[in-house]
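First the proteins, then the strands, lettered A, B, ... as listed; each starts at 1.
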Amino acid sequence: MQARVYVTLKRGVLDPQGKAVALSLSSMGFEEVEDVRLGKFIEVKLADGSSPEKAKERLTEMCQRLLANTVIEDYRIEIVGA
Amino acid sequence: MQARVYVTLKRGVLDPQGKAVALSLSSMGFEEVEDVRLGKFIEVKLADGSSPEKAKERLTEMCQRLLANTVIEDYRIEIVGA
Amino acid sequence: MSTEITPEIVATHGLKPDEYERIQAAMKREPNLLELGIFSVMWSEHCSYKSSRKHLRGFPTSGPRVLQGPGENAGVVDIGDGLAVAFKMESHNHPSYIEPYQGAATGVGGILRDVFTMGARPIASLNSLRFGDPSHPKTAWLLEGVTAGIAGYGNAIGVPTVGGEIAFDASYNGNCLVNAFTLGVLPADKIFRGNASGVGNPVIYVGAKTGRDGIHGATMASAEFDESSEEKRPTVQVGDPFVEKLLLEACLELMQTDAIVGIQDMGAAGLTSSSVEMAGRAGNGLDMHLDRVPMREEGMTPYEIMLSESQERMLIVAKVGREKDVVAIFEKWDLDVAVVGSVSDTGTLRLFWHGQLAAELPIDPLTEGAPVYDRPRQRPADLDALQAFDPATLPAPADLGSTLLQLVARPTIASKEWVYRQYDHMVRLGTVVRPGGDAAVVRVEGKKGVALSADCPSRMVYLDPYMGGMLTVAEASRNVSVVGGEPIGLTDCLNFGNPEKPEIMWQFAEAVRGIADACRALDVPVVSGNVSLYNETDGKGIFPTPTCAVVGLVPDIERTSTTWWKEAGHEIALLGT
Amino acid sequence: MRFGIVVFPGANCDHDAYHVAKHVLGQDARFVWHKDRDLSGLDCVVLPGGFSYGDYLRCGAIARFSPVMEEVVSFAAKGGKVIGICNGFQIALEAGLLPGAMLRNRSLKFVCKDVHLRVENGNTPFTKGIAEGTVLRMPIAHAEGNYFLPDDELARLEGEGRVAFRYVDAAGQVTDAANPNGSRNNIAGILNAKGNVLGMMPHPERLAESVLGGEDGLRIFEALLGS
Ligand SMILES: Nc1ncnc2c1ncn2[C@@H]1O[C@H](COP(=O)(O)OP(=O)(O)O)[C@@H](O)[C@H]1O
């Protein structure tokens, strides 16, 4: 089983990286770029044998404890290939 | 219009961060974790007025030139909310 | 702005009922919410030093070398040949406990700004850290986050982190300490101050845009923690060392011109403290148009703009007609810049929002007129028992060798290489004596250098605050002198518990008295410092930790000494008692 | 010799490179602003260390789009000498001046310390007069110096003698323990095919004065002067 976790900065939290990337894209000629936010994309490979529900529960715990910094970040979990 | 870009390390390129995360997860009691790969999740807000096809083309160019380093990284583009 | 000010609103602003009465008296009317917010920030412990001010007056703050004592963004000491050094230490304890990486990072960013606003180029940083028991579940997470945050910010901006200290003790379990020090060099005759002089001069905002970061952080830092504060998590400030590096270069470039009369960084309490303090020092007033402030988010209110703690921002007062020089330099460095107001002779701070007057406050009550408390003090009842303990009554260790090994393995005593390896301690080509010894030595110019050390034997301060205060100064001065530096100035960061408790207030007053007496004895003036109170969780205070950083002048950097044994056969001597 | 030191926003070793070129070596040196394009009269362009654009997204990724980089690429194509140090090496990789890419250090931490380098090719403008096999002490200070190149290209790089320096122990042996970041084949510095572009993670400018602890780094600059 495979899980995908998307970790993004909370709304309102400064994203220095995104800002720098947006600026650089528009100075490279991509004027249509209005905003860029940088987050993490985490692929987790899990041992088979558990249900998608159970897996999601465990992933939530992993996010809370390690994968995301919940003071400034939100996360979203997707279970694939169950 | 909004685009999402997923940048991941190519298979075969060692992922020191992913390895470290996998190790700490299993030492925290998440023994079901077999492997972790860390990538980037980039949200790009685009000015309206272009087609999703055109947007995808532009995004591909952004990835090739800046968002991904194709020596070590792959990327995938999703256009949403057209 | 028509919110009615209820006792609850007053309380959530950290103001006591009698303080609110004083505000009404000073205003001669009810304040509105924006005005209340500004008072709450200016009268917070963090900005007003209301519990500590009385005691700090006992420090010796002058001397032949002192060019600027306490009261400015940083202290400045003459080092001869037309050069001076500016330095200060600041705490970022509460933010670091909530989000260790960003808390520590923005602490470094803040102290750097304090130094380069004086016109000094930062050349070295130190930090003094305290964490809980190594086995406490949060300790490792805090330690990793704090050191990574210091590294992340300091390395990126390119100022070497050359030393510091770290200690672990259970008293810091719920309240880590992160104190950051920076020193910079400047021409002795070109010191910039946070002064809004010259009626009619433009007030200019530069740096990063304002967001809703850490609103109420300054009042939070002055309130004791309880279980729920981890829930209440305010919007944490995120640092951007890249923007700060641009801000540093742009400010120093601007200071080469004669376009500005005053400059101050927006630290905790952001636009509020910078504007009020600059006006206060000059005895002037300020008019500001808040809608002209560069904003990062939509729908921000004047209240949020005034209380935001967004990082990497500065307020500048320029000479009339020189606005374009300021704008040109900041645009060159891709930074935001906006003329937001002007200096007035009204003695009041007037804030406008799209042309409407949104707040009008007299400056004096906000600064000089802030409350000063002589809080009750009492010697802790258990101190006699603690002091009566005679270590000689302990049985001698059976195996001295293994006891020694156990001792050197204690995290507080063990090598800190794990930490300083993560800090770029060599950038700028100045680090003559690297971390790992008693004090670092950094080249200033030619053969001239400075020796730097930050110390605090906090257990000693706990057992005897007066003696502990003296020992703190003695230790830092000794560390500086053994590498070849003559102590010429000191900055402090006084970390204590809740000053409303008489025992804590007594510890504070005694420690300050000890520091002051030792400084007098060693002829080392206190030129800057910072007070961090309410370092308590659930009623349990930390060890009193009045950290001191001493700066020593090294006349010849080729004549310094280091701690390690050099060669077999050399003789070993033991000095002192 | 005339050195030009590029100033990228966020670079922080630009003054260090300038100091060594100008004050330690007594050579002509000038800064080149990243938005300028004038490299005329320069013999050697230095891409200095630091955190250009905060190292955001990837180290060097944004800086390589600075206007000056187009000129640096053509300067190198015409045989001009270019040395990229630390972040400058990363920028050179992103710009395609040199092959490969940098990954995070395997420790995942920033590491600042002295390491030992072995000179692998003594026949370059940057190592002339230093015998192959010479061991030099030099500081590193980076979080992403874990050099990566796919197998086939790595074999070619090695075969063409384009590895300039390798991390070794004090005795000059290539060991895993002496590898501070996980770089493939302990690679610390590489050359382009023509040999006029050098990228290296260690900072030669940081050990160029005895009062700072050593002068091994100076040898690279001295080799340049003699070339
Ligand atoms: N937080 C820190 N940051 C940088 N260097 C540190 C830090 N903590 C300790 N060091 C360095 O490690 C060395 C030993 O520290 P410490 O054991 O606290 O010294 P001492 O016991 O002599 O006061 C010193 O050189 C000090 O500067």
Do the side chains of E57(A) and K54(A) get close enough for a salt bridge, i.e. N-O under 4.0 angstrom? yes
If you count heavy-atom pairs within less than 4.5 Å of chain B, which of E61(A), K45(A), R65(A) leads? K45(A)
Student check: side-chain heavy atoms of Q64(B) and Y75(B) closer than 4.5 Å: yes
Flag the pair I72(B) / K10(B) as yes when at least one side-chain heavy-atom distance between them is below 4.5 Å, and no otherwise. no
Counting heavy-atom pairs under 4.5 Å with chain B, the top scorer among E31(A), R58(A), M28(A) is R58(A)
What I'd like to find out is whether the side chain of V33(B) reaches to under 4.5 Å of the side chain of M62(A), using heavy atoms alone. yes
R4(B) and E78(B) ion-paired at < 4.0 Å: yes
From the list D35(A), L25(A), I42(A), the residue making the most non-hydrogen contacts under 4.5 Å with chain B is D35(A)
Pick from L38(B), L46(B), D48(B): which one has the most heavy-atom pairs with chain A under 4.5 Å? L46(B)
With a 4.5 angstrom heavy-atom cut-off, could you sort out which part of Q17(A) is near chain B: side chain, backbone, both or neither? neither
Below 4.5 Å from any heavy atom of chain A, which atoms of T8(B) appear? Answer side chain, backbone, both or neither. side chain
